[in-house]
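To start, the structure itself, in structure tokens.
Lettering follows sequence order; numbering is per chain, from 1.
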Number of protein chains: 2
Amino acid sequence: MGTTQLETVPEPKYWHLKTVLSDALDSEFRVGEILPNERDLAARFGVARATLRQALEQLELEGRLQRRRGVGTTVAPPRVGIAVDPDRHTWPGAPGDDWQPVDAAEAEAPPAAVARLLETAPGDRVHIVRRSRVTHGQPVAAELLYVRADAVPDCSGVASVSAPARAAAVLHALQALELESQDRTVELGSARAEDARQLDRLPGAPVLVVTTRYVADGRTTAVAVSTYRADTCRLTFGASDPVALLAG
Amino acid sequence: MGTTQLETVPEPKYWHLKTVLSDALDSEFRVGEILPNERDLAARFGVARATLRQALEQLELEGRLQRRRGVGTTVAPPRVGIAVDPDRHTWPGAPGDDWQPVDAAEAEAPPAAVARLLETAPGDRVHIVRRSRVTHGQPVAAELLYVRADAVPDCSGVASVSAPARAAAVLHALQALELESQDRTVELGSARAEDARQLDRLPGAPVLVVTTRYVADGRTTAVAVSTYRADTCRLTFGASDPVALLAG
DNA sequence: TAGTGGTCTAGACCACTAC
DNA sequence: TAGTGGTCTAGACCACTAG
């Protein structure tokens with residue numbers, strides 16, 4: 001150290017602001033506390049509101065802040081560890097999983113990316129089960145589960161029963177099949193309007209998209225696309241005790 | 001359907017713009033093609049440049065676009081599937097892994113979050129090995145591997161050899177230990193200045209942070225914090241054939 | 001109704017790249 | 001040097017929440 005680098009590359013204001021705010025959050029604020037409003041903060045730091053907002057957006061992305069229109073900006077609690085695969089090789093809907101069926105429908109055309117995974121031809125019918133995951137009273141994930149209709153033949157054409165009942169029927173039928181394997185991908189996405197509503201966020205909010213492929217009878221039988229709130233969630237894999245893991 | 005919903009909730013301009021641009025990307029552009037510059041695009045759609053940029057940022061976040069200062073905005077190729085755990089229960093640096101050691105150092109104070117995982121007391125020494133992962137000629141991830149110094153005692157105090165050699169020495173010493181288990185977490189973060197440089201991105205760029213805990217001898221012996229480019233990477237878990245998975 | 005964050009504008013200048 | 005995306009400003013209005 002000693003002679004530090006010259007300020008030949010001045011860092012952007014919003015980046016410096018983010019650092020200052022981050023330090024302040026650590027030392028001067030407690031979880032849940034409300035920050036001054038954006039106009040006050042901007043004035044206090046001598047920057048335009050847009051610049052201040054750029055810093056706040058970064059901090060929100062990192063899970064340090066929570067902003068709600070009409071309410072204010074609060075200090076966020078540490079991210080929650082969410083077990084994505086508790087090492088159980090079971091179908092969705094197996095006893096003890098953390099998801100709740102919302103409704104179900106039958107459709108001919110899943111999104112192209114899903115159809116590719118399911119290896120369905122155009123016209124092949126699929127069940128679409130919508131589920132949601134709630135932890136500590138907060139919605140953390142929304143899911144669309146696509147199931148080949150020919151894998152659960154007893155579930156078709158029961159339009160009379162309620163949507164939740166249809167969802168339960170599809171999930172129940174899956175349990176009878178032998179699950180050979182499953183694999184997952186995780187990527188960054190932005191919440192579609194529908195998911196955003198379910199997650200209590202604005203459309204476009206950053207989400208972690210987990211795509212799970214369920215293989216049975218030698219082929220991909222179901223595909224789950226689960227979108228987790230990226231601001232509040234930390235996905236855990238193969239951890240026996242998630243709470244012991246990295247917090248913040 | 002039939003009577004669609006009234007436009008009682010007009011969607012934001014940037015959100016609509018994003019949809020329009022996304023469709024245009026699918027139909028009128030090929031991968032690698034250069035889009036008109038931001039000023040032209042904004043004029044063409046009759047919006048301010050800032051609004052246009054908001055739409056482009058979303059598309060970049062979703063991996064659809066790639067923007068480079070001084071160059072332009074290009075259509076991004078589909079995200080690359082990156083195997084995070086090819087089901088091999090091995091230490092980092094085992095033969096055949098996809099990481100290349102960059103350098104190594106010895107320090108007293110790892111970040112607080114890492115120290116908590118390693119269960120080190122202040123003053124306990126740790127080795128810090130920097131590694132990088134390259135796929136298809138592109139840097140996709142940067143990693144800091146923290147190793148308890150007392151787990152690899154032969155690696156200390158060899159300041160005379162080169163940094164890469166020190167890194168290799170620490171990695172080599174790890175192979176001799178018996179790995180009991182490992183677990184991971186995935187969360188969204190933003191690239192620190194150092195990582196950003198290594199990933200050829202600007203500071204603050206969105207990254208997927210994978211934290212891996214390596215357990216040996218009944219305790220956490222090493223912790224790897226790997227930051228993957230969120231715009232270009234799709235992390236795969238337990239997939240035998242990543243290329244067969246969801247693309248785009 | 002008052003106050004908050006979310007959206008949008010029309011400029012300006014800067015840092016970087018490639019010619 | 002010309003052209004690109006990145007940063008920043010000083011406003012304005014809107015949508016939402018809570019008293």
Side-chain angles (χ1 to χ4, degrees), chain A residues 6-19 21 33-61 64-76 190-191 193 196-197 200-206 231, chain B residues 6-19 21 33-61 64-76 190-191 193 196-197 200-206 231:
Chain A
L6 296 175
E7 195 80 72
T8 54
V9 184
E11 59 186 0
K13 277 190 187 179
Y14 79 90
W15 185 258
H16 181 243
L17 243 186
K18 182 196 134 183
T19 311
L21 286 170
E33 200 166 343
I34 301 180
L35 269 63
N37 71 54
E38 297 183 349
R39 290 161 180 86
D40 283 355
L41 277 178
R44 189 176 306 190
F45 287 106
V47 299
R49 190 178 156 218
T51 304
L52 185 269
R53 277 181 61 82
Q54 221 174 331
L56 294 184
E57 266 150 34
Q58 283 265 348
L59 290 170
E60 192 180 25
L61 202 75
R64 306 287 314 271
L65 291 179
Q66 213 160 333
R67 299 193 289 174
R68 272 183 304 170
R69 171 156 44 176
V71 179
T73 302
T74 58
V75 180
S190 48
R197 217 175 313 124
D200 192 25
R201 296 261 69 193
L202 292 177
D231 55 345
Chain B
L6 297 174
E7 196 79 73
T8 54
V9 185
E11 58 186 359
K13 277 190 186 179
Y14 78 90
W15 185 258
H16 181 243
L17 243 185
K18 182 197 133 183
T19 310
L21 285 171
E33 199 167 343
I34 300 180
L35 269 64
N37 71 53
E38 297 184 349
R39 290 162 180 86
D40 283 355
L41 277 178
R44 188 176 309 191
F45 288 106
V47 299
R49 191 178 155 217
T51 304
L52 185 269
R53 278 180 60 81
Q54 221 174 332
L56 294 184
E57 266 150 35
Q58 283 264 350
L59 290 170
E60 191 180 25
L61 201 74
R64 306 287 313 271
L65 292 179
Q66 213 160 334
R67 300 193 288 174
R68 273 182 304 170
R69 170 156 46 178
V71 179
T73 301
T74 58
V75 180
S190 48
R197 218 174 311 125
D200 192 25
R201 295 263 67 194
L202 292 177
D231 55 344

TODO: With side chain to side chain contact (heavy atoms under 4.5 Å, CB included) as the test, would you mind laying out the steps for A/Lys18 and A/Arg64 before giving the verdict?
DONE: CA-CA 11 Å; A/Lys18 182 196 134 183; A/Arg64 306 287 314 271; over 6 Å; no
Open item on the list: Pair B/Leu41, B/Thr73 - check side chain to side chain contact (heavy atoms under 4.5 Å, CB included), show working.
Closed with: CA-CA 11 Å; B/Leu41 277 178; B/Thr73 301; over 6 Å; no
Task: Heavy-atom neighbours of B/Asp40 CG exceed 12 at 6.0 Å - done: yes
Can you tell me the pairing partner of [N] across any strand shown, Watson-Crick or G-U wobble, with both distances under 3.5 angstrom?
N	result
D/dT7	C/dA12
D/dG19	none
C/dT17	D/dA2

Once rounded to the nearest 0.5 Å, what's the spacing between atom [atom1] of [X] and atom [atom2] of [Y]?
X	Y	atom1	atom2	answer
B/Gln58	B/Leu21	CD	CG	11.5 Å
B/Glu38	B/Arg49	CD	CZ	4.5 Å
B/Leu61	B/Leu56	CG	CG	12.5 Å

Taking only N and O in the side chain of [X], is any of them less than 4.0 Å away from OP1 or OP2 of [N]?
X	N	result
B/Thr73	D/dT4	no
B/Asn37	D/dG3	no
A/Arg68	D/dT17	no

Check the distance between [N]'s [atom2] and [X]'s [atom1] and give it to me in whole angstrom.
X	N	atom1	atom2	result
B/Leu41	D/dG6	CG	P	13 Å
B/Arg67	D/dT4	CZ	P	14 Å
B/Arg69	D/dG6	CZ	P	7 Å
A/Ile34	D/dA18	CD1	P	11 Å
A/Leu59	C/dG5	CG	P	14 Å
A/Leu65	C/dG6	CG	P	11 Å
A/Leu35	C/dG5	CG	P	9 Å
B/Leu202	C/dC14	CG	C1'	13 Å

Task: salt bridge (charged side-chain N to carboxylate O under 4.0 Å, His left out) partner of B/Glu60, the single match among B/Arg53, B/Arg68, B/Arg201 - done: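 Exactly one pass, corresponding to B/Arg201.
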- [ ] Would you mind building the protein contact string for nucleotides 8-13 of chain C? One character per nucleotide, 5' to 3', B for base within reach (heavy atoms under 4.0 Å), S for sugar-phosphate only, - for untouched.
- [x] SB--BB
Task: Sugar-phosphate, base or nothing in reach of B/Arg53, heavy atoms under 4.0 Å - done: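 If one applies the 4.0 Å heavy-atom cut-off, B/Arg53 turns out to touch a base.
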